[in-house]
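For reference, the structure discussed in these notes is given below.
Since this is a predicted model, take the numbers as computed values, not measurements.
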Amino acid sequence: MASKCPKCDKNVLGKFTDSLEKKWHPWCFLCDDCEKPIFEDKFRTDGEVAVHANCLTAERSRPCAKCGNEVGGTIVNALEKLWHPDCFTCHRCQKLINKKFKLEGGKPVHRECKPKHTGKRKKHQGDD
């Protein structure tokens, strides 16, 4: 049985490109940056998308807000910064943030991790 190309969903027969754990028609295997076919052997991939080795936009060559390494492929764009999806974590519990969040000191925090203000004033020593 022939494989289906993930781009056009047609059967892949004859010459194909085998990348990202899928078989593609050569003309369907496109650079995620310039959207032109990748025919050469040198390209970058993060496991989800491929980019020509020398084809990086300014956005892709910017550093991750947490780890400082170059971002590429799937990017989280939040708080006017770019993040690797694995680096966009809660400042309190360090678990991935993949839903709505709040800010604490300008850093992302799960809603359930951010302390809620009860309106009650903390009692300090000397208060009666």
message: Using the side chain to side chain contact (heavy atoms under 4.5 Å, CB included) criterion, which residues pair with Lys100? Sequence neighbours excluded.
response: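 Side chain to side chain contact (heavy atoms under 4.5 Å, CB included) list for Lys100, sorted by chain: Arg111.
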Next item on the list: Under the side chain to side chain contact (heavy atoms under 4.5 Å, CB included) rule, collect the residues that match up with Asn69, sequence neighbours excluded.
Entry: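 Counting only residues at least two positions away or on another chain, Asn69 forms a side chain to side chain contact (heavy atoms under 4.5 Å, CB included) with Cys67, His84.
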Hey, does His110 have a side-chain heavy atom less than 4.5 Å from the side chain of Arg92?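 No - every pair of side-chain heavy atoms lies 4.5 Å or more apart.
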Original post:
Please, which pairs that meet salt bridge (Lys or Arg N to Asp or Glu O under 4.0 Å) have at least one residue in residues 77-86, sequence neighbours excluded?
Top reply: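 Applying salt bridge (Lys or Arg N to Asp or Glu O under 4.0 Å) to every pair that reaches into residues 77-86, excluding sequence neighbours, yields nothing.
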Residues clustering with Leu30 (ILVMFWY side chains joined when closer than 4.5 Å, directly or via others):
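Traced through the cluster, Leu30 reaches no other member.
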- Given a cutoff of under 4.5 Å between side-chain heavy atoms of I, L, V, M, F, W and Y, with clusters grown through shared members, what are the other residues clustered with Leu103?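 Val76, Leu79, Trp83, Phe88, Ile97, Phe101, all in the cluster of Leu103.
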From [X] [atom1] over to [Y] [atom2], what is the distance, rounded to the nearest 0.5 angstrom?
X	Y	atom1	atom2	answer
Leu13	Ser3	CG	OG	9.5 Å
Trp27	Cys5	CH2	SG	8.5 Å
Lys10	Cys28	NZ	SG	8.5 Å

Review point. Tell me the side-chain hydrogen bond (donor to acceptor under 3.5 Å, both in side chains) pairs involving residues 12-25, sequence neighbours left out?
Key: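 Residue pairs passing side-chain hydrogen bond (donor to acceptor under 3.5 Å, both in side chains), neighbours aside: none found.
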Go through the structure and list residues passing side chain to side chain donor-acceptor pair (under 3.5 Å) with Lys66, not counting sequence neighbours.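 Checked Lys66 against side chain to side chain donor-acceptor pair (under 3.5 Å); matches are Thr89.
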What are the two closest heavy atoms between Pro37 and Pro26, and how far apart are they?
->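 So the minimum-distance heavy-atom pair works out to CB-O, 4.0 Å.
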Report yes or no: does Gln94 contribute a side-chain atom to a donor-acceptor pair with the main-chain N or O of His91 at less than 3.5 Å?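 Side chain of Gln94 to backbone of His91, a donor-acceptor pair under 3.5 Å: yes, one is there.
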* To do: Would you please name every residue forming a salt bridge (charged side-chain N to carboxylate O under 4.0 Å, His left out) with Lys99, sequence neighbours left out?
  =>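 Expected list: Glu112.
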